[in-house]
Amino acid sequence: MAYFGNSVFKGVDLHPRNNNFLHHTGDISVDQLIVRRGQPFKLTLNVTQPFDPKLHQLHITAKTGQIPTEKQGTLSLFGVPDVVTRSRSAVAVWKVDLHKDSSLQTLVLNLTPPAVTPVGEWVLTVKLGGEEMLLGKLVVLYNPWCPVDWVYLKDEKEINEYVMNEQGVIYRGSNNYIFPLDWDFGQFEDNMVDICLRMLDLNLKHGKDPADDVSARCNPIYVSRVVSAMVNSAGDCGVLAGNWSPPYVGGQNPTHWSGSYPILRQWYDLGSHPVKFGQCWVFAGVMCSVMRLLGIPCRVVTNFQSAHDTNSNLTIDEYHSDYGVAKKTSPDSIWNFHVWTEAWMRRPDLANNGTFDGWQVLDPTPQEKSNKVYCCGPTPVKAILKGETNQKYDTPFVFSEVNANCVNWLVKADNSEVKISTNTNRVGQNISTKSVGSRKRVDITDCYKHREGSEKERAVFQYAKTKDYSKADDDEELGRFEVMEEDEEDGEDDQTGDNVEVVETKEGAQSEEEDDDESEEEDGEEAGNGTTGNPDAVAPPVIMHFEEVTPPRNGKDVRLKLVLQSESSSVRSLSVNISVQAMRYNGVPTMNIQTSVKDKILLPRRDLVIPIRVPFLAYNKAMLDCNSLKVSALVTDKERPNNTYLAEDNVVLIDPPISLTVLKYAKVDRTTRAEVTFLNPTRNETLTNCTLTLSGSGLIRNEVVLKMADLKPNNRIRVTFSFVSYKSGKRTLVADIDCSTFRDIKASCIVNVQP
């Protein structure tokens, strides 16, 4: 409690510990007052003279920003009794009540910032008997517990997951092999409030018109768009610089990161200079941390086989040369996976009946500009499902990411192009997020689109193509939207090398040329017959798919087989061109690893099996900075050369396992010991430049990096270390091993820290 000499005011107590507990902000701070809008908080004001509301007037002022005004909701005048003269245009007016426990000289006040209050730092002053005094500063956040807040979420379990949970899981890999990555959001770590508010203050719109920008922070639609832009550094002084290929000079390989807080703290400590480097899952993880701190429910979502459609025609063109390797580059691409965030909020700017309320896609990865800024969203997931691509914001781009058709072209020696096939169900597979209250993966593909290939799905796709979305995002408002105020297991191993979910999908079990009656192109040409050229030469198609002989483990030879089938009654003489490329996860090839050309005979109604072996020594250097092996088979019917068939498989390698074990129970401010063990799985590669990085919010305040000795083939290393926990509850400890042969292999375990 503060005291004030010879003054009518004797002292004030903001009760930060109790207020923060009631406002679910105690995990952020117990010393700084942090409240949620639409919910009252208590302060105690002691005065030197008896106060009688019938005889005296207590005037309180709340203000935020450099140019506060009542009209913009950044200045509020109120008091006890509430006979304050206010502007007729005043919005977002605060309320105050004199609590029944008050006495003549001890005033217990309940203050309520309305549910449309702009979030940020506020200053409270009080005036009594001609004397004015600073009550204090506080931070106001969004309130998902408040029914009239636009971010209201009814289910308490979902609030605990999407606002309060500091640990999460981000999914990577491919649509066939889905790998969970433990991510430490750390939204309640030290200085996170200051970090997030600085992000808001440094956005470009604040620089152009700070008064309107601060006023507009009442609106989660606006703020989420600002955060989407500020997480990346493209065009502003945002948090993360993107880099999708080595070298990563002056920064970290994006695979290094295991959580958001080290990135955000580094940006804050270095004077808001971009941190190097990030890729999509890092951008999304950082954005989720900021949104949860601000009080907006948020989750991280992964879209496997994600399209990047640069010209908004809902078509991705891929080119293949005669030997099956992508030769001609295309501005469009299909990523093995792409990660974005979803935030929960109402969208009264689109419809008054709640049609587009709920989850909204927000993508901070700088791919395309939106209104001249590298940001994306909020895009209503319901609009994507319905094909309403003319709705704000960036709906055509996101719709294409999960729905675009893929057209494969054969580039011949004379540079002519012949269509091989059209695939309508390759894009948008196994859209995934972490479940509420557990580490299980939830497939939410049905929220984005109807069953692949169904009549409804095709109808929505065609409907989306008819929408005029050329001006959908024009005339974005900088200031406030019109707001209507309403009445008010401790230490168990996680064998990361085996922690992979194998998913059987149609795409993974069949070649591109699927004979589906519902899959027809706009011009009426049948898609998926796998043939080109003279229709008189059409024969029953060759159906191909790849199978894995053994799980594809990094450090071991990769063994696959190509299986070919045909319903033809005659013998087929085939030329089979098989190639293997190292691919980055965003669809960019980096190196041809091996190519083979074989002539084969396919007998009637019998499988032809061709074994494929990719030696570790052939791929290990190429895969240091790549995500997958792209195995392609381009098959030509030698008797009908215009009949060409294509099959592809993206093989994501499984990292060698790490064992991470906590050796004794953990307690706040007590030393806890843990152990990491790792086996070099190679036969003839000595691992050099080995480092072990340890992290985990609540467990280790700053990342710990340990240098390790070189590790010979088939040798095991064991590292014992200790840490002192500083927060109680379930925490995630993460270990990351990086070396000359393997990049950032991770393991994690749950640590249940006792108070």
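Everything quoted here is computed from the prediction, not taken from an experiment.
Distance alone, capped at 3.5 Å, is enough to place a donor-acceptor pair between the E131 side chain and the V8 backbone. When atom types are taken as modelled, the side chain of T44 and the backbone of V108 share no donor-acceptor pair closer than 3.5 angstrom. Checking side-chain atoms of S228 against main-chain N and O of L362 turns up no donor-acceptor pair under 3.5 Å. Side-chain N or O atoms of H99 include one that pairs as donor or acceptor with a backbone N or O of D101 at under 3.5 Å. The backbone N or O of L240 sits less than 3.5 Å from a side-chain atom of S233, completing a donor-acceptor pair. In this structure, the side chain of S102 does not engage the main chain of L107 through any donor-acceptor pair within 3.5 Å. A distance-only check finds a donor-acceptor pair linking the side chain of K382 to the backbone of D357 [under 3.5 Å]. Looking only at distances, a side-chain donor or acceptor of T25 sits under 3.5 Å from a matching main-chain atom of I34. Using a distance-only test at 3.5 Å, with no hydrogens or angles considered, a donor-acceptor pair links the side chain of N143 to the main chain of R37. The main-chain N or O of L77 is found under 3.5 Å from a side-chain atom of R86 such that the two form a donor-acceptor pair.
A salt bridge does not link D97 to K42: none of the charged side-chain nitrogens sits closer than 4.0 Å to a carboxylate oxygen. Between K54 and D52 there is no salt bridge, since no side-chain N of the basic residue sits under 4.0 Å from a carboxylate O of the acidic one. With salt bridges taken as basic N to acidic carboxylate O contacts below 4.0 Å, none links D149 and R36. Residues R701 and D190 are paired through a salt bridge, judged by an N-O separation under 4.0 Å between the basic side chain and the carboxylate. The existence of a salt bridge linking K727 and E189 is confirmed by a sub-4.0 Å separation between a basic side-chain nitrogen and an acidic carboxylate oxygen. Using a cutoff of 4.0 Å between basic side-chain nitrogens and carboxylate oxygens, D213 and R217 are scored as salt-bridged.
Between V300 and W183, every side-chain heavy-atom pair lies at or beyond the 4.5 Å cut-off. Residues T302 and I431 are not in side-chain contact: their nearest non-hydrogen atoms beyond the backbone lie 4.5 Å or more apart. Using a 4.5 Å heavy-atom threshold, the side chains of V214 and H206 count as touching. Contact of the Q754 side chain with the V668 side chain is not registered, since no non-hydrogen atoms from C-beta on lie closer than 4.5 Å. Proximity of V91 to V93: side-chain heavy atoms (C-beta onward) are nowhere separated by under 4.5 Å.
For the residue pair R441 and S435, no side-chain donor N or O sits within less than 3.5 Å of a side-chain acceptor on the partner. There is a side-chain donor-acceptor pair under 3.5 Å between T106 and N46. Side chains of R265 and N702: a donor-acceptor N/O pair is present below 3.5 angstrom, by distance only. T379 and D394 are not linked by any side-chain donor-acceptor pair at a separation below 3.5 angstrom, with hydrogens and angles left out of the test.
Of all the heavy atoms in C146 and A115, the pair that sits closest is SG-CB, 4.1 Å. Shown here for G79 and V84, the closest heavy-atom pair between the two residues is N-CG2, 3.8 Å. Between C218 and V116, the shortest heavy-atom distance links the atoms CB-O, 3.0 Å. Pairing each heavy atom of L109 with each of I60, the nearest pair is CD1-CD1, 4.1 Å.
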(request) Take E388 and F356 through the side chain to side chain contact (heavy atoms under 4.5 Å, CB included) test and state the conclusion after the steps. (result) CA-CA 10 Å; E388 297 286 354; F356 298 108; 4.3 Å; yes

(request) Under the side chain to side chain contact (heavy atoms under 4.5 Å, CB included) rule, what do S748 and V734 come out as? Steps first, then yes or no, please. (result) CA-CA 4 Å; S748 65; V734 178; 4.2 Å; yes

(message) For T69 and T74: C-alpha separation, side-chain torsions, deciding distance, then whether side chain to side chain contact (heavy atoms under 4.5 Å, CB included) applies.
(response) CA-CA 5 Å; T69 66; T74 51; 4.1 Å; yes

(request) Might you work through the side chain to side chain contact (heavy atoms under 4.5 Å, CB included) test for L202 and D236, ending with a clear yes or no? (result) CA-CA 8 Å; L202 291 180; D236 54 29; over 6 Å; no

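Distance check, rounded to the nearest 0.5 Å: CE of M291 to CD1 of I296 gives 4.0 Å.
In summary, the aromatic rings of W94 and W122 are positioned with their centroids under 6.0 Å apart. Checked against a 6.0 Å centroid threshold, the rings of W267 and H273 do not count as neighbours. The distance between the ring centers of F283 and W257 does not fall below 6.0 angstrom.
A cation-pi geometry, defined here as NZ or CZ lying under 6.0 Å from the six-membered ring centre and within 45° of its normal, does not hold between R299 and W344.
In terms of the side-chain contact (heavy atoms from CB on, under 4.5 Å) criterion, residue partners of N165 (sequence neighbours excluded) are, by chain and number, E161, Q167, R292, K434.
Using a 30° and 60° split on the angle between ring planes, Y448 and W340 fall in the tilted class, from 30° to 60°.
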